[in-house]
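Each remark here refers to the structure printed beneath this line.
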Amino acid sequence: MVNITLLDGKKISFSEKVTGLDIAKKISTSLAKKALVIKVDNHLKDLSSEISKDATVEIITEEDDRGLEVIRHDTAHILAMAVQELFSDTQVTIGPVIENGFYYDFSRKKPFTEDDLEKIEKKMLEIISRNEITTREVWDRKKAIDHFKKIGEHYKAEIIESIPKNEEISIYYHGKWHDLCRGPHLSSTGKISKAFKLTKIAGAYWRGDSKNEMLQRIYGTSWRSKDELDDYLKRLEEAEKRDHRKLGKVLDFFHFQEESPGSVFWHEKGWQLFQSLIDFMRHQQLISGYKEINTPEILDKSLWEKSGHWEKFQEHMYTTTTPDERVFAIKPMNCPGCVQVFNQGLKSYRDLPLKLSEFGRVHRYETSGSLHGLMRVRSFTQDDAHIFCTENQITEETLKVTKLILGIYKAFGFENVLLKYSDRPAKRVGDDRLWDKAEKALLEAVKATKLKYSINKGEGAFYGPKIEFVLKDSIGRDWQCGTLQVDFNLPQRLEAFYVDQDGIKKHPVMLHRALFGSLERFIGILIENYAGKLPSWLSPVQVAVLPISENFDNYAKKISNELNKNKIRNIIDLKSEKINYKVREHSISKIPYLMICGAQEEKDNSVTIRKLGDEKQETLSIHKAMDLMMKDCSVPTIQELSH
RNA sequence: GCCCCCAUAGUUAAGCGGCAUAACAAGUCCAUGGUAAGGAUUAGUGAGAAGUUCAAUUCUUCUUGGGGGCACCA
């Protein structure tokens with residue numbers, strides 16, 4: 001007697017062992033048709049797997065996301081199958097499910113081409129049509145290793161060797177083709193959705209290690225139906241339209257060029273945006289008790305040796321030798337410079353916490369392949385600050401920083417923020433006792449924020465553990481922006497002291513923190529988040545003044561002057577084009593307000609305002625128009641933005 | 001850094017082993033206008049280096065930069 005409990009609590013009894021399919025059939029024939037896999041006591045299993053003792057069973061169909069994942073996994077399998085049918089010189093390795101699809105890594109001397117992808121897709125469709133039956137076998141470990149070695153599948157043999165001893169080695173057959181796999185799988189290839197597409201070819205290291213061979217990865221996406229697939233492809237297209245590199249060019253914000261790979265040439269408009277963000281941040285920091293400083297870009301090698309950067313960070317550092325043969329480094333971080341400012345004049349415990357902020361431009365040599373528009377550059381500006389405090393102040397100061405960060409992100413509409421806590425890396429400076437202390441203090445502070453956090457082992461900075469503030473952008477990518485690090489090391493190495501209550505000189509603790517992280521990256525994220533349609537306070541040009549014809553140029557100039565007086569960033573378009581043309585042009589360049597000046601307006605000292613995205617217009621007196629602009633275009637505070 | 005792909009006018013693209021195209025943008029002229037492109041006209045182009053060839057923008061090699069990934073990371 002086998003008693004099966006279904007998810008809704010209903011029980012079905014069978015006189016002997018049953019398969020998942022039997023159970024589905026018992027419930028309804030339509031369910032049996034739709035069933036893909038089953039979940040037995042929390043383990044996903046094949047539909048054909050036998051259940052011989054009482055269990056809780058869930059029948060999973062394609063409507064379930066877990067069902068879709070199984071479909072994707074199967075699609076990855078037939079991708080491998082198709083590739084091996086077409087290209088016999090190919091070894092298979094791994095092929096997992098990822099967000100929206102799957103990939104499979106292959107080892108083959110000759111690279112796959114775009115044309116190959118089409119051939120492979122055709123072959124995959126053929127395999128689905130052949131409706132090959134899936135069977136599962138459990139093999140002896142040694143037999144499996146020998147077998148895969150014999151047929152030249154050395155990667156598979158290596159995988160089996162690394163499977164924990166207590167796990168069984170399961171082999172799946174789809175017709176004659178077979179692969180090592182944990183499963184579960186659909187009962188035949190005919191059940192696989194035809195709504196898939198192979199999307200790209202890429203290189204990927206075996207086991208993700210750059211020391212290993214580079215394999216060829218084929219990515220694919222797969223969905224329940226053609227409609228879902230088309231939807232997905234459309235979403236990708238939409239995301240592409242928001243690409244900050246494209247918009248940055250169209251909106252005339254910035255450019256890159258060969259002579260300085262990974263460094264931004266900011267154009268007038270992009271730089272204005274940059275300055276608006278700094279204004280915003282400067283004001284917030286002032287309210288929060290920070291003092292702004294600025295330190296040199298180039299500092300003698302000896303200081304970097306002292307701080308530990310020379311030893312631990314050199315691969316990212318630009319250096320320069322002067323005609324007198326002194327070696328300098330261009331700063332990759334602001335901290336050593338900041339400590340020099342702290343060290344001027346003896347500090348008392350009464351001065352702590354001392355918060356020194358700096359909009360510091362740092363240079364880091366990054367590998368060429370990692371560069372990506374504004375998101376990953378070689379020269380960037382941090383909204384950096386170093387908080388010198390006592391051990392007892394760490395938690396409180398961390399909470400203050402967190403609050404400030406969340407407030408600032410929220411002001412831009414980023415409400416989805418995660419924390420990542422990273423502890424000591426292999427490459428580090430300082431005594432492990434100090435690390436124990438720093439990690440404990442920071443982890444406590446993380447817990448005190450009551451935010452969701454994940455732990456990244458060994459990913460801290462070389463001088464201290466860190467938390468990272470990760471936000472999601474409009475196309476679902478995670479970006480690390482803010483960061484906070486607890487540092488007991490640099491104050492010692494760079495001889496920072498304060499005099500405590502008891503009259504004894506002690507080292508302060510340093511909290512390194514950045515909120516936007518990199519201004520450059522943050523701007524990239526903002527452009528994509530707003531699809532280029534920046535809120536008016538950030539928009540580089542806030543108003544375009546458009547005369548209806550040349551006859552009203554002078555009146556338009558008067559309006560423009562009025563805007564200038566009120567510090568509203570505006571342009572005036574005196575081109576001899578029709579108003580239709582001008583409205584179109586400036587709408588495309590995403591200027592928040594258009595002010596139209598014609599006979600009517602000149603007559604009663606007014607302007608007609610058209611807001612970006614609206615079709616209606618409103619005629620206001622100059623006075624009222626200026627009030628509206630000043631209200632909507634000035635740099636706000638967090639408090640104003642958050643409602 | 002590694003694998004694959006790409007490089008044509010200010011921008012987006014087309015094309016060809018033998019005069020290099022189009023659209024938009026820019027300039028000039030006409031039109032003087034009321035909310036997403038008025039008309040005419042002018043000028044402007046194959047990343048860099050080497051090779052094959054009678055002839056290279058086109059084929060080959062290298063360099064540089066860019067893109068998609070991997071690795072690395074703010």
Side-chain angles (χ1 to χ4, degrees), chain A residues 103 105 108 110-114 116-117 199-219 240 243 245-246 249-250 252 255-262 315-316 332-333 362 364-384 422 459 461 466 468-470 479-483 485 512 514-522 524-525 546-553 575-589 594-601 608-619:
Chain A
Y103 67 78
D105 285 348
R108 179 181 182 234
K110 216 176 140 201
F112 293 117
T113 64
E114 298 286 328
D116 290 338
L117 288 190
T199 49
K200 53 199 169 194
I201 308 167
Y205 297 109
W206 167 237
R207 302 214 143 151
D209 188 334
S210 58
K211 287 187 215 74
N212 292 340
E213 187 203 341
M214 178 144 294
L215 305 170
Q216 293 186 63
R217 174 172 298 179
I218 296 179
Y219 282 94
E240 218 168 290
D243 191 312
R245 292 165 300 185
K246 214 169 251 176
K249 198 180 270 176
V250 176
D252 193 19
H255 83 272
F256 290 91
Q257 69 185 51
E258 295 196 16
E259 288 82 354
S260 191
E315 58 188 310
H316 294 292
M333 294 189 197
V362 295
R364 295 184 189 172
Y365 178 77
E366 302 288 352
T367 55
S368 59
S370 67
L371 302 179
H372 180 94
L374 294 177
M375 303 298 198
R376 190 79 183 274
V377 289
R378 283 182 176 159
S379 146
F380 59 101
T381 308
Q382 294 180 309
D383 57 333
D384 210 354
S422 306
E459 309 244 311
K466 69 176 172 188
E468 284 159 349
F469 296 82
V470 179
W479 287 107
Q480 179 183 327
C481 292
T483 174
Q485 295 140 20
H512 306 238
L515 311 187
F516 291 146
S518 142
L519 265 297
E520 283 77 1
R521 169 180 293 182
F522 201 76
I525 294 169
L546 315 179
I548 293 283
S549 81
E550 280 163 19
N551 301 329
F552 311 104
D553 283 2
K575 255 201 309 285
S576 56
E577 289 289 350
K578 283 188 165 176
I579 195 66
N580 298 24
Y581 182 93
K582 293 184 186 179
V583 167
R584 176 182 150 81
E585 187 173 72
H586 297 104
S587 298
I588 286 172
S589 66
L594 304 182
M595 286 190 181
I596 286 87
C597 307
Q600 193 57 46
E601 288 81 0
T608 299
I609 296 181
R610 177 178 169 137
K611 201 171 175 189
L612 180 59
D614 283 353
E615 273 174 38
K616 62 175 198 293
Q617 305 114 42
E618 192 182 8
T619 304

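Lettering follows sequence order; numbering is per chain, from 1.
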Original post:
Taking side chain as C-beta onward, heavy atoms only, is A/H586 less than 4.5 Å from A/L546?
Top reply: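 In short, these two side chains touch, coming nearer than 4.5 Å.
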Under 4.0 Å, heavy atoms only, any strand: does [X] hit a base, just the sugar-phosphate, or nothing?
X      : answer
A/L546 : nothing
A/I548 : base
A/S576 : base
A/F552 : nothing
A/T199 : nothing
A/A599 : base
A/K211 : nothing

**OP:** Summarise protein proximity over nucleotides 69-74 of chain B in one line of letters, 5' to 3': B for base, S for sugar-phosphate only, - for none, counting protein heavy atoms closer than 4.0 Å.
**Re:** BBBBBB
Roughly how many Å apart are [M] and [N], using the [atom1] atom of each and rounding to a whole number?
N     : M     : atom1 : result
B/G18 : B/U12 : C1'   : 28 Å
B/G44 : B/U21 : C1'   : 13 Å
B/G34 : B/G38 : C1'   : 15 Å
B/A74 : B/G17 : C1'   : 49 Å
B/G69 : B/A36 : C1'   : 39 Å
B/G1  : B/C73 : C1'   : 14 Å
B/G15 : B/A56 : C1'   : 15 Å
B/A55 : B/A50 : P     : 15 Å

Using modelled atom types only, decide if a donor and an acceptor are shared between the side chain of [X] and the backbone of [Y] within a distance under 3.5 Å.
X      : Y      : value
A/E114 : A/I201 : no
A/T483 : A/A514 : no
A/E520 : A/T381 : yes
A/K466 : A/H512 : no
A/D383 : A/S518 : no
A/R521 : A/M375 : yes

Where the side chain of [X] is defined as all heavy atoms beyond and including C-beta, which of [options] is the nearest nucleotide?
X      : options             : result
A/N580 : B/G1, B/G38, B/G33  : B/G38
A/S549 : B/U32, B/A36, B/G38 : B/U32
A/N551 : B/G34, B/U12, B/U32 : B/U32
A/R584 : B/G38, B/U35, B/A36 : B/A36
A/K578 : B/G65, B/U35, B/G33 : B/G33
A/Q600 : B/G34, B/U11, B/A37 : B/G34

Can you measure [X] atom [atom1] to [N] atom [atom2] for me and round it to whole angstrom units?
X      : N     : atom1 : atom2 : value
A/E240 : B/U12 : CD    : P     : 13 Å
A/E577 : B/G27 : CD    : P     : 10 Å
A/L594 : B/G34 : CG    : C1'   : 13 Å
A/K249 : B/A25 : NZ    : P     : 18 Å
A/K110 : B/C5  : NZ    : P     : 12 Å
A/E618 : B/U35 : CD    : P     : 17 Å
A/D553 : B/G33 : CG    : C1'   : 12 Å
A/E585 : B/C24 : CD    : P     : 13 Å

Subject >> Watson-Crick and G-U pairing of RNA chain B written in dot-bracket, each distance under 3.5 angstrom, with | for inter-strand partners >> reply: (((((((..((((....[..)))).(((((.......)))))....(((((..]....))))))))))))....
Subject >> CA sep, side-chain torsions, deciding dist, call: A/S370, A/R378, side chain to side chain contact (heavy atoms under 4.5 Å, CB included) >> reply: CA-CA 10 Å; A/S370 67; A/R378 283 182 176 159; over 6 Å; no
Subject >> A/L215 or A/R245, whichever maps to the more 5' nucleotide of RNA chain B >> reply: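 Taking each residue's closest nucleotide, the earlier one in sequence belongs to A/L215.
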Original post:
Charged N to carboxylate O under 4.0 angstrom, A/D209 versus A/R207?
Top reply: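 No, A/D209 and A/R207 are not salt-bridged.
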Subject >> Chi angles and distances behind the side chain to side chain contact (heavy atoms under 4.5 Å, CB included) call for A/F380, A/V362 >> reply: CA-CA 6 Å; A/F380 59 101; A/V362 295; 3.7 Å; yes
Original post:
If anything within 90° of 0 is syn and all else is anti, what is B/C16?
Top reply: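 Here B/C16 takes the anti form, which means its glycosidic angle is more than 90° from 0.
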**OP:** With syn defined as a glycosidic angle within 90° of 0 and anti as everything else, classify B/G46.
**Re:**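 B/G46: syn glycosidic orientation.
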At under 4.0 Å, does any side-chain N or O of [X] touch on OP1 or OP2 of [N]?
X      : N     : answer
A/Y103 : B/G68 : no
A/Y365 : B/G1  : yes
A/K582 : B/A37 : no

Subject >> Heavy-atom closest pair, residues A/P261 and A/L371 >> reply: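 In this case the closest contact between A/P261 and A/L371 is C-CD1, 4.2 Å.
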**OP:** Please report the shortest heavy-atom distance between A/P111 and A/Q216, naming the atom on each side.
**Re:**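 So the two residues come closest at CA-OE1, 3.1 Å.
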Original post:
Hey, is CD on A/E615 packed in by over 12 heavy atoms from elsewhere, all under 6.0 Å?
Top reply: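 At most 12 heavy atoms, drawn from other residues, nucleotides or ligands, come within 6.0 Å of this atom.
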